Undergrad: 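Below you'll find the structure I mean.
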Amino acid sequence: YINHVFWHRNPGFLVMYNFLKDALIQKNGIVKVWWEETEDEEEETYTDIPDDAVALLAQAESVEVKEDIVSEEGLHTVTIVKRRKYGCCRVEPVPPEEFGITRRARSVHISQADYVFHETTKTHSDLVAQGYDPEQLKGVSSETSDTEESITRETVDDNETIGTSSLNDATRSIKITEHYVKIDYAGDGKARLYKVATADNKVLRRRKDEDSAYKDDIEPVDLIPFAAATPIIMPHRFFGRSVADLVMDIMRIKTALLRGGLDGIYLANNQRIEISESHAGPK
């Protein structure tokens, strides 16, 4: 079952590919795991059905009758909407520039850390759909710049930031940060693990359903939803060494030797004449 969820319900191949390649090149690979609940809607239309069939459809669970047209013969043309809630475990590789961990971390096991954060960029409409206060989000600044690390990894300009118009607030990009920190929030002298969501250094307000009020998005959690891997573990350090770290000196030496050889060939094939200044004057 776990294999089915990872490889089929999630893009397992791409998750593993990014996870391992980040580790081989960027020292550590990071993945995030969480439980996601979604609601799917499916619209169906039934034509020329009798009254008892309509009543049977209306009694079905999670079904809403959207339209009911009765013909002269007393038959119904009914359009219904089926809603189905679906929950699944999600696994997603995290770009290195979005992840941070306390300097006191002494192991690649993230569960032992007392502080971890994850920065993500989402649209205004996505955050509202997740229950965040739309009035508070209006005062949050838009995300308009990339980090130095993301710019360094950029090779084809496919992440060029494009400004969003104030008239299109629904697609405005907002950077939020999820903090996983052990704090004494209850005030009883015991530090527990909490998840705190912030934007512009302010705690965001969120509600769980339409009937509840907006509250600060601070909630206790059982574990930090991240896993990390590094090719070469360094003792008492979270960040290990990548394969690139091991071969970087060799690559530089080979580059210098190859460049010197090519420069010598260029000079031999395209010689330039040099004349001393003492012999360059008029006769």
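No hydrogens, no waters, no symmetry mates; every other heavy atom, side chains included, goes into these values. These figures come from a predicted structure and were not determined experimentally.
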Undergrad: Do I174 and L127 have side chains that get closer than 4.5 Å, going by heavy atoms?
TA: yes

Undergrad: State, to 0.1 Å, how close S242 and A23 come at their nearest heavy-atom pair, and which atoms those are.
TA: CB-O, 3.7 Å

Undergrad: Could you measure the distance from the CD atom of E98 to the CD1 atom of I30? Nearest 0.5 Å is fine.
TA: 11.5 Å

Undergrad: In terms of hydrophobic clustering (I, L, V, M, F, W, Y; side-chain heavy atoms under 4.5 Å; direct or indirect links), are L20 and F6 co-clustered?
TA: yes

Undergrad: Same hydrophobic cluster for F13 and F19, using side-chain heavy-atom links shorter than 4.5 Å among ILVMFWY?
TA: yes

Undergrad: Would you indicate whether the side-chain heavy atoms of I110 and F99 approach each other to under 4.5 Å?
TA: yes

Undergrad: Measuring only between side-chain heavy atoms, which start at C-beta, is D68 closer than 4.5 Å to V70?
TA: yes

Undergrad: Quickly, which of V140, L137, T171 forms a side-chain contact (heavy atoms from CB on, under 4.5 Å) with H124? Name it, please.
TA: L137

Undergrad: Applying side-chain contact (heavy atoms from CB on, under 4.5 Å) to L193 and D222, what does each step give before you reach the verdict?
TA: CA-CA 7 Å; L193 183 63; D222 296 329; over 6 Å; no

Undergrad: Less than 3.5 Å apart, any donor N or O on the side chain of R207 or S212 sitting next to an acceptor on the other?
TA: no

Undergrad: Verify, without hydrogens or angle tests, whether N18 (side chain) and L14 (backbone) share a donor-acceptor contact under 3.5 angstrom.
TA: yes

Undergrad: Report the distance from atom CD of E43 to atom CD of E67, rounding to the nearest 0.5 Å.
TA: 9.0 Å

Undergrad: Please list, chain by chain and in numerical order, all residues satisfying ring pair (Phe, Tyr, Trp, His ring centres under 6.0 Å) with Y185, sequence neighbours excluded.
TA: Y194

Undergrad: Do H4 and R9 make a side-chain contact, defined as non-hydrogen atoms from C-beta onward lying under 4.5 Å apart?
TA: yes

Undergrad: Please collect all salt bridge (Lys or Arg N to Asp or Glu O under 4.0 Å) contacts where either partner lies in residues 177-189, sequence neighbours excluded, each pair once.
TA: K32-E178, D188-R192

Undergrad: Let's go through V108 and N28 carefully: what are the C-alpha distance in whole Å and the side-chain angles of both, what is the deciding distance for side-chain contact (heavy atoms from CB on, under 4.5 Å) to 0.1 Å, and is it a yes or a no?
TA: CA-CA 9 Å; V108 74; N28 284 58; 4.1 Å; yes

Undergrad: Verify, without hydrogens or angle tests, whether D133 (side chain) and Y214 (backbone) share a donor-acceptor contact under 3.5 angstrom.
TA: no

Undergrad: Under the rule for salt bridge (Lys or Arg N to Asp or Glu O under 4.0 Å), what residues qualify as partners of E41, not counting sequence neighbours?
TA: R83

Undergrad: Could you give the side-chain donor-acceptor pairs of residues 223-239 under 3.5 Å, partners two or more places apart or in another chain?
TA:
{"residue": "T230", "atom": "OG1", "partner": "K27", "partner atom": "O", "Å": "2.7"}

Undergrad: Looking only at heavy atoms, what is the nearest atom pair of E42 and E44, with distance?
TA: OE2-OE2, 3.4 Å

Undergrad: Strictly distance-based, threshold 3.5 Å: is any side-chain N or O of N10 a donor or acceptor partner for the main-chain N or O of V15?
TA: no

Undergrad: Say whether M16 and V31 are linked into one hydrophobic cluster, either directly or through other cluster members, by side-chain heavy-atom distances under 4.5 angstrom.
TA: yes

Undergrad: Any idea which heavy atoms bring A113 and I101 closest together, and the distance?
TA: CB-CD1, 3.8 Å

Undergrad: Under a plain distance cut-off of 3.5 Å, with no hydrogens placed, do T198 and H179 share a side-chain donor-acceptor pair?
TA: yes

Undergrad: Between NE2 of H76 and CG of D51, what distance do you get to the nearest 0.5 Å?
TA: 3.5 Å

Undergrad: Hey, is OH on Y86 packed in by over 12 heavy atoms from elsewhere, all under 6.0 Å?
TA: yes

Undergrad: Can you list everything that forms a side-chain contact (heavy atoms from CB on, under 4.5 Å) with I25? Sequence neighbours excluded, please.
TA: K21

Undergrad: Are T45 and V78 packed together at the side-chain level, in the sense that at least one heavy-atom pair is separated by less than 4.5 angstrom?
TA: no

Undergrad: Using the rule given for side-chain contact (heavy atoms from CB on, under 4.5 Å), can you reason through K85 versus E37, listing the C-alpha separation, both sets of side-chain angles and the distance that settles it, and then say yes or no?
TA: CA-CA 7 Å; K85 291 185 178 181; E37 291 187 355; 5.9 Å; no

Undergrad: Could you grab the distance from atom CD1 of I80 to atom OG of S62, nearest 0.5 Å is fine?
TA: 11.0 Å

Undergrad: Using atom types as modelled and distance alone, determine if a side-chain donor or acceptor of R106 lies under 3.5 Å from a backbone N or O of R103.
TA: yes

Undergrad: Could you give the distance from CD1 (I183) to CD1 (I218), rounded to the nearest 0.5 Å?
TA: 6.5 Å

Undergrad: Under 4.5 Å between side-chain heavy atoms, counting indirect links through other Ile/Leu/Val/Met/Phe/Trp/Tyr residues: same cluster for Y180 and W34 or not?
TA: no

Undergrad: Report yes if some heavy atom in the side chain of T123 is under 4.5 Å from a heavy atom in the side chain of R172; otherwise report no.
TA: no

Undergrad: With a 4.5 Å cut-off on side-chain heavy atoms, are C88 and E36 touching?
TA: no

Undergrad: List, one per line, each side-chain donor-acceptor pair under 3.5 Å for residues 54-61, sequence neighbours excluded.
TA:
none

Undergrad: Within the structure provided, determine whether D217 and V196 are in side-chain contact (heavy-atom separation under 4.5 Å).
TA: no

Undergrad: Consider only side-chain heavy atoms of I, L, V, M, F, W and Y, link residues closer than 4.5 Å, and tell whether V221 and V33 are in one cluster.
TA: no

Undergrad: Working to the nearest 0.5 Å, report the span between CZ of R241 and CE of M248.
TA: 9.5 Å

Undergrad: Using modelled atom types only, decide if a donor and an acceptor are shared between the side chain of Q136 and the backbone of R205 within a distance under 3.5 Å.
TA: yes

Undergrad: Does CD1 in I2 sit with more than 12 non-hydrogen atoms of other residues, nucleotides or ligands closer than 6.0 Å?
TA: no

